[in-house]
Number of protein chains: 2
Amino acid sequence: MLSQRGRYALKALLHLGRSGGEPRGVTAIAASEQIPRKYLEAIMSELRRAELVESTRGWSGGYRLAKPADLITFGEIIRLTDGPLALLPCASRNFYKRCEDCVDEAACALRRVMASVRNQVAEILDRTTLADAIAGSPASRALLDAEPVDPGSADTA
Amino acid sequence: MLSQRGRYALKALLHLGRSGGEPRGVTAIAASEQIPRKYLEAIMSELRRAELVESTRGWSGGYRLAKPADLITFGEIIRLTDGPLALLPCASRNFYKRCEDCVDEAACALRRVMASVRNQVAEILDRTTLADAIAGSPASRALLDAEPVDPGSADTA
DNA sequence: TCAAATCCTATCCAATAGGTAGGAACTGAG
DNA sequence: CTCAGTTCCTACCTATTGGATAGGATTTGA
Ligand code: FES
Ligand code: FES
């Protein structure tokens, strides 16, 4: 399960994606998405430091996406807020860490299974963008149907 | 990421699966898998209460699997030790819980994406058994081989 | 009877999640 | 210039959880 913080971040970013390029204030987002205002403030600050959003202060300031919505993937957001997608450190690509107590990593049965899980998860989350989700997620729908992916069709961005 | 506890449980169960039907004591498992003995003791107790393993006490006692290794799936183990497979409560089948702050769940873009992730994860974990993993995971290998193209590299080799 | 095993209850500690408080700094409208 | 509305920053709080240990009661075969 991802953290509430991560869920809020995703909801806020989707909100921004829906709002075109207009800056939206934290207060507006918080009210609209039912997120505690002060908490969201901290989250947006983190997203800004990670350069997923840009901010303008003062008068009619607020936040907007730093990139087009079809260039921001769920994968990068979740990795930012919740860390690894993998179920085990040894099965993660971006946050790899050795399992101290596993004698032979290459032969570890557990790791093999978890690596395949990670691959499937990353496949979806790194391909699905905010724009996809907003549009009704055509990309993830293809994956949802559990058909082996046909490389020729269903091109995203 | 799953908890250390969950990882220990999986390692212990795999160990039992490899040991045929002979009971293995906690001390033996702990030493062999490099798990803190007293901690593993508590974990095994939980697995027994969940009827994944059976125990015999006294002289040459220990634990053994309560069912054949090809009838115990990773899914049920992980759900027991770490709860939901899904990334969001609203995307979980077995631990479903409504998102209080989401107005219209049926229209929630976030939920759609997360539901597709959950389906893929459950697909693997509910099909892969301890026996599969021990045998070199033929089931998960099939899924692993379905791994499509890397988004960053040249398409359709 | 004794040693080895499971079983049970109670702690303990550090880290994290989730959130709040209060205010400094910026910025356009008036 | 002033002011309201905004982001920004630091600090703090509390409950829960993860990970583990302590100490012993209970069972059981050699
Ligand atoms: S190497 Fe990570 S579980 Fe074995
Ligand atoms: S319904 Fe769960 S995130 Fe919207």
Side-chain angles (χ1 to χ4, degrees), chain A residues 1-12 16 19 22-31 33-64 66 78 80-84 87-89 99-101, chain B residues 1-12 16 19 22-66 78 80-84 87-89 99-101:
Chain A
M1 298 270 286
L2 37 93
S3 63
Q4 190 77 321
R5 184 185 189 86
R7 206 173 68 91
Y8 287 160
L10 288 168
K11 289 188 71 172
L16 292 183
S19 305
E22 325 293 291
R24 303 266 316 189
V26 158
T27 310
I29 303 174
E33 301 290 343
Q34 310 241 73
I35 302 173
R37 194 188 131 258
K38 273 305 223 178
Y39 196 31
L40 181 57
E41 219 175 276
I43 294 170
M44 295 312 291
S45 250
E46 186 190 2
L47 295 179
R48 181 187 52 82
R49 277 187 293 271
E51 299 186 324
L52 282 175
V53 299
E54 286 167 349
S55 64
T56 58
R57 346 224 283 199
W59 162 68
S60 194
Y63 290 94
R64 63 194 169 286
I78 293 180
L80 175 68
T81 58
D82 284 77
L87 291 175
L88 292 183
C99 291
E100 306 298 339
D101 56 295
Chain B
M1 299 271 284
L2 36 91
S3 62
Q4 189 76 321
R5 185 186 187 84
R7 206 172 69 91
Y8 287 161
L10 287 168
K11 289 188 70 174
L16 291 184
S19 305
E22 325 294 289
R24 304 256 349 202
V26 158
T27 309
I29 303 174
S32 160
E33 302 290 342
Q34 309 242 74
I35 303 172
R37 195 190 130 254
K38 273 305 225 178
Y39 195 31
L40 181 56
E41 219 175 276
I43 294 170
M44 295 311 290
S45 250
E46 186 190 2
L47 295 179
R48 182 186 52 83
R49 277 188 291 272
E51 299 187 322
L52 282 175
V53 299
E54 287 168 350
S55 64
T56 58
R57 342 225 284 199
W59 168 67
S60 193
Y63 291 93
R64 62 193 169 285
L65 298 181
I78 294 179
L80 175 68
T81 57
D82 285 76
L87 291 175
L88 293 182
C99 291
E100 306 298 339
D101 56 294

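Protein chains get the first letters and strands the later ones, always in sequence-line order, with residue 1 at the start of each.
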Which heavy atom in [X] sits nearest to a heavy atom in [Y], and how many Å separate them?
{"X": "B/Met44", "Y": "B/Val26", "answer": "CG-CG2, 3.9 Å"}
{"X": "B/Ala12", "Y": "B/Leu40", "answer": "CB-CD1, 4.0 Å"}
{"X": "A/Asp82", "Y": "A/Gly6", "answer": "OD1-CA, 3.4 Å"}
{"X": "B/Leu88", "Y": "A/Met1", "answer": "C-SD, 3.9 Å"}
{"X": "B/Thr81", "Y": "B/Ser3", "answer": "O-OG, 4.4 Å"}

Detail all sub-3.5 Å separations between protein N/O atoms and N/O atoms belonging to nucleotides 9-14 of chain D.
unit_1	atom_1	unit_2	atom_2	d
D/dC9	OP2	A/Arg48	NH2	3.0

Contacts table for residues 45-56 of chain B: side-chain donor-acceptor under 3.5 angstrom, sequence neighbours left out:
unit_1	atom_1	unit_2	atom_2	d
B/Glu46	OE1	B/Arg5	NE	3.1
B/Glu46	OE1	B/Arg5	NH2	3.1

Has B/Lys11 got a side-chain atom pairing as donor or acceptor with B/Ile35's backbone, closer than 3.5 angstrom?
no

Give me the bend of the helix from C/dT1-D/dA30 to C/dG30-D/dC1, using the axes of the five pairs at each end, rounded to 10°.
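The end-segment axes of the helix from C/dT1-D/dA30 to C/dG30-D/dC1 are tilted 10° relative to each other.
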
Contact residues, residues 51-64 of chain B to DNA chain D [heavy atom, < 4.0 Å]
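Those residues are B/Arg57, B/Gly58, B/Trp59.
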
In whole Å, what is the span from the [atom1] atom of [X] to the [atom2] atom of [N]?
{"X": "A/Gln4", "N": "D/dT17", "atom1": "CD", "atom2": "P", "value": "14 Å"}
{"X": "B/Gln34", "N": "D/dA20", "atom1": "CD", "atom2": "C1'", "value": "17 Å"}
{"X": "B/Ile35", "N": "D/dA20", "atom1": "CD1", "atom2": "C1'", "value": "13 Å"}

If the condition is side chain to side chain donor-acceptor pair (under 3.5 Å), which residues does B/Ser60 pass it with, not counting sequence neighbours?
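So B/Ser60 forms no side chain to side chain donor-acceptor pair (under 3.5 Å) with any residue.
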
Using the side chain to side chain donor-acceptor pair (under 3.5 Å) criterion, which residues pair with B/Tyr63? Sequence neighbours excluded.
none

Identify, with sequence neighbours excluded, every residue that meets side-chain contact (heavy atoms from CB on, under 4.5 Å) alongside [X].
{"X": "A/Arg57", "answer": "none"}
{"X": "B/Glu22", "answer": "none"}
{"X": "A/Ser19", "answer": "A/His15, A/Arg24"}

Go through the steps for B/Arg37 and B/Thr27 under the test side chain to side chain contact (heavy atoms under 4.5 Å, CB included), then give the verdict.
CA-CA 6 Å; B/Arg37 195 190 130 254; B/Thr27 309; 3.4 Å; yes

5'-most to 3'-most nt of DNA chain C touching chain A (<4.0 Å, heavy-atom partner on protein side) reads C/dG18 to C/dA29

